[in-house]
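I have placed the structure first, in the form of structure tokens, so that the comments after it can refer back to it.
Protein chains get the first letters and strands the later ones, always in sequence-line order, with residue 1 at the start of each.
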Amino acid sequence: METTARGVSGRTLRPRGVRLTPSAATIAEQEFDMAWISVRDALAPSKTPVGTEVTIKGWVRTRRDSKAEGGLSFVHIHDGTCFDPIQAVCKGDLRNYGSEVAKLTTHCAVEVDGAIVQNPKGGNEVAAKAVRVIGWVEDPDHYPIQPKPHSFEYLREQMHLRVRTNTFGAVARVRHTLSMAMHRFFDQHGFFYVHTPIITASDCEGAGQMFRVSTLDMCNLPRRAGDEGSLKTHGDKLPGPAGTGAHPPHGAAIDFSKDFFGKEAHLTVSGQLNVETYCMALSRVYTFGPTFRAENSNTSRHLAEFWMIEPEIAFASLIDDARLAEDFIKFMIQTVLAERADDMKFFDERIEKGLLARLKDVMDKPFRHLPYTEAIKVLEQAIAKGQKFEYPVKWGTDLQSEHEKYLTEQHFKQPVVLMNYPKQIKAFYMRENDPGTDGAPGATVAAMDVLVPAVGEIIGGSQREERLDRLDGRIDEMGLPKREYWWYRDLRRYGTVPHAGFGLGFERAMMFLTGMQNVRDVIPFPRAPGQAEF
RNA sequence: UCCUCCAUAGCUCAAUGGUAGAGCGACCGGCUGUUAACCGGUAGGUUCUAGGUUCGAGUCCUAGUGGGGGAGCCA
């Protein structure tokens, strides 16, 4: 079919206004495709006035037919550049009207030439002069995506196609905008972007189960010399085929000196320890990258692979850290409201009623700061007034989901920054507070969690322990291998300064900003236990 | 990992242990500058898998697989 000549030629690369550089497109190319514009631009009267000759390229969303005027079809076309599709008005006198245009179904790929006209009800549309079908949808009866609401559960099984729906298109655009906004925020505030490693050869990050990285042959593992046949299991963590008889009995420790890195290696669970090293030279730094947790957790808030933003600031206290977190969250809200108004309007109308009001409220009010010790008192008072919790409230234990929800959703009805947690429930690197801080009955550390309504913990951070003797004390207390931390400890030996930072779950921020309720629906290809099909 | 609910047409869901149904979508036709279009018709099923109880199982029992929600862990 002659219609595919442009589509398969590989010459028409991008709409006008999206060229990489003047030299990236040849003169011939520019002339060849002068009229191609994005749906986003075509819909904007200021950019594309009535009468402009344009070419639209995209996918059919819906088609509606009329027999008036010898045939008339209204074809909605989207190309992902904005929330709304553009309507192409196709009349019966088109050469391929009966043979092709009237047979278009959802997600057929098309090119439409025509003039911009005004829709009787307002807004730009295209009066089609030519319609070229680039790619048909075979067997439309069984095409998984139909012009009707689908459940998110169903769309998770059609993950390769779900981005074509309005919801997931909006999620994808907001996710992009948020990524860009995040880099802009830190850049404007003097932070340097540090690429911390994905593979870590130290097992000392201490933030949960890790995925192993290895090039060893899992069916023929090297065993440590002299250990053959012994019953020692120490260090042998591979989920091997125990008891099959086809392999050495478990006991001979695996010889990781034969592995790629000469020692055990894993996927990172946090870039924090690495980024601290750069913080001690560049003052203000951040990482943004994938993070991996091999926890067998199956909830609407957890993924095995997720993206985390981790800023780290030198010469800073926990209060500075909390202020940064608040400024950052408010900047994110402000940016998506300003730059993705169309998508955010959709989320407000169809995903979470009142979303925009909720976000504006968060933006306008200062965050509530609350010491952990005070939070316990608030919860105890609530219990005294009849509030029922499944788990007991007791100083020294971590707050449960139900407790956090009570604080943010019922008691304060806004984001809450909880600070100064009991030392025994927090990580070794968090700075020990002076005794009696906040009137706490026990030792506390300068930790903070930012809790938001509907999502829960969105940020976890702390001021870091900069005093070597205290840090060593914590490492010993927790029974951690001090040798493994030699380079982290060095930071405290050579020019140590107070510093702080936090980790923000990017997908949790997405949930908070879009009102989407399952973390698997705000990342393109979610990885969770038993789920890596796509 | 624990608790709990679910699995029937392309999708969303009905069907007292007794003939497998509807809406939407697809296809055909009618009407209309339509826009969640509307009206009429047609096609579409190994009821998740494997066993079991029963004269008879979509329905009851057992096991498995897949999925949802909640909890823990956390971001």
**Request:** Examine B/A71: is either OP1 or OP2 under 4.0 Å from a nitrogen or oxygen in the side chain of A/Lys405? Give yes or no.
**Result:** yes

Do any side-chain atoms of residues 523-534 of chain A form donor-acceptor pairs under 3.5 angstrom with protein atoms, and if so which ones, sequence neighbours left out?
from: A/Arg527; atom 1: NH1; to: A/Phe534; atom 2: O; distance (Å): 2.9
from: A/Arg527; atom 1: NH2; to: A/Phe534; atom 2: O; distance (Å): 2.5
from: A/Gln531; atom 1: OE1; to: A/Arg520; atom 2: NH1; distance (Å): 3.2

**Request:** Taking atom C1' in both B/U19 and B/G69, compute the distance separating them and give it to the nearest angstrom.
**Result:** 37 Å

**Request:** May I ask you to say what A/Phe74 touches in the nucleic acid, namely base, sugar-phosphate or nothing, with a heavy-atom cut-off under 4.0 Å?
**Result:** base

**Item:** Residues which pass side chain to side chain contact (heavy atoms under 4.5 Å, CB included) with A/Asn166, listed by chain and number, not counting sequence neighbours
**Value:** A/Arg61, A/Phe83, A/Phe346

**Message:** Using atom P in both nucleotides, what's the gap between B/C60 and B/U8 to the nearest angstrom?
**Reply:** 15 Å

**Nearest-Å distance once atom P is located in both B/C38 and B/G25** = 7 Å

**Message:** OP1 or OP2 of B/G67 versus the side-chain N and O atoms of A/Gln531: is any pair under 4.0 Å?
**Reply:** yes

Show me the donor-acceptor pairs, under 3.5 Å and distance only, between side chains in residues 414-425 of chain A and residues at least two apart or in other chains.
from: A/Gln414; atom 1: NE2; to: A/Pro366; atom 2: O; distance (Å): 3.0
from: A/Asn420; atom 1: OD1; to: A/Asn433; atom 2: ND2; distance (Å): 3.1
from: A/Asn420; atom 1: ND2; to: A/Asp438; atom 2: OD2; distance (Å): 2.9
from: A/Tyr421; atom 1: OH; to: A/Asp449; atom 2: OD2; distance (Å): 3.3
from: A/Lys423; atom 1: NZ; to: A/Glu477; atom 2: OE1; distance (Å): 3.4
from: A/Lys423; atom 1: NZ; to: A/Glu477; atom 2: OE2; distance (Å): 3.3

**Request:** Taking the side chain as every heavy atom from C-beta outward, state whether A/Gln517 and A/Ser300 have any pair of such atoms under 4.5 Å apart.
**Result:** no

**Request:** Write down the atom of A/Ala427, the atom of A/Arg474, and the distance for their closest heavy-atom approach.
**Result:** O-NH2, 3.4 Å

**Asked** Side chain of A/Gln146, base of B/G10: donor and acceptor closer than 3.5 Å?
**Response** yes

**Prompt:** Side-chain donor or acceptor of A/Glu125 under 3.5 Å from a matching atom on the base of B/G33?
**Reply:** yes

**Asked** Is any side-chain nitrogen or oxygen of A/Ser401 closer than 4.0 Å to OP1 or OP2 of B/G72?
**Response** yes

**Prompt:** Hey, is the side chain of A/Asn518 poking within less than 4.0 Å of OP1 or OP2 on B/G69, counting only N and O atoms?
**Reply:** yes

**Prompt:** Hey, does the side-chain of A/Asp84 have a donor or acceptor N/O within less than 3.5 Å of a partner on the base of B/U35?
**Reply:** no

**Message:** Applying a 4.0 Å non-hydrogen cut-off, can you work out what A/Val89 is touching in the nucleic acid: base, sugar-phosphate, or nothing?
**Reply:** base

**Asked** Quantified in whole Å, what is the P atom distance between nucleotide B/U4 and nucleotide B/U42?
**Response** 47 Å

**Complete:** Testing B/C27, B/C74, B/U35 for proximity to the side chain of A/His76, the answer is B/U35

**Request:** Answer whether the closest heavy-atom distance between the side chains of A/Phe168 and A/Arg164 falls below 4.5 Å.
**Result:** no

**Asked** Which value, in whole Å, describes the distance between the P atoms of nucleotides B/A43 and B/U62?
**Response** 40 Å

**Request:** For A/Ile459 and for A/Asn296, find the nucleotide of RNA chain B with the closest heavy atom, then tell me which residue's nucleotide is more 5'.
**Result:** A/Asn296

**Complete:** Pairing string of RNA chain B (Watson-Crick or G-U wobble, both atom distances under 3.5 Å; | = paired to other strand) is (((((((..((((....[..)))).(((((.......))))).....(((((..]....))))))))))))....

**Short side-chain N/O contact to B/U35 OP1/OP2 from A/Arg64, under 4.0 Å** = no

**Prompt:** Given the C1' atoms of B/U65 and B/A50, what is the spacing between them in whole Å?
**Reply:** 11 Å

**Prompt:** Does the separation of the ring centres of A/Phe389 and A/Tyr406 fall below 6.0 angstrom?
**Reply:** yes

**Message:** Mind checking if A/Arg520 touches a base, just sugar-phosphate, or nothing, with heavy atoms under 4.0 Å?
**Reply:** sugar-phosphate

**Message:** When the C1' atoms of B/G45 and B/A22 are compared, how many Å lie between them, rounded to an integer?
**Reply:** 15 Å

**Request:** Determine the Euclidean distance between corresponding C1' atoms of B/G67 and B/C73; express it in Å to zero decimal places.
**Result:** 22 Å

**Request:** Could you pull out all residues at least two apart from A/His195 that satisfy side chain to side chain contact (heavy atoms under 4.5 Å, CB included)?
**Result:** A/Tyr193

**Asked** Going by heavy atoms closer than 4.0 Å, what residues in residues 297-306 of chain A are next to RNA chain B?
**Response** A/Ser297, A/Asn298, A/Thr299, A/Ser300, A/Arg301, A/His302, A/Leu303, A/Phe306

**Request:** Starting from the 5' end of RNA chain B, give me the residue, A/Asp65 or A/Lys121, whose nearest nucleotide shows up first.
**Result:** A/Asp65

**Item:** Centroid-centroid distance, A/Phe191 to A/Phe185, less than 6.0 Å
**Value:** no

**Prompt:** Would you say B/G72 has OP1 or OP2 under 4.0 Å from some side-chain N or O of A/Gln400?
**Reply:** yes

**Asked** How far does NZ of A/Lys413 sit from CZ of A/Arg358, to the nearest 0.5 angstrom?
**Response** 14.5 Å

**Message:** So A/Tyr391, base contact, sugar-phosphate only, or nothing? Heavy-atom distance under 4.0 Å.
**Reply:** sugar-phosphate

**Item:** Validation row, ring centre A/Tyr429 to ring centre A/Tyr488 under 6.0 Å
**Value:** no

**Prompt:** Using a cut-off of 4.0 Å on non-hydrogen atoms, how would the nucleic acid contact of A/Thr105 be classed: base, sugar-phosphate, or nothing?
**Reply:** sugar-phosphate

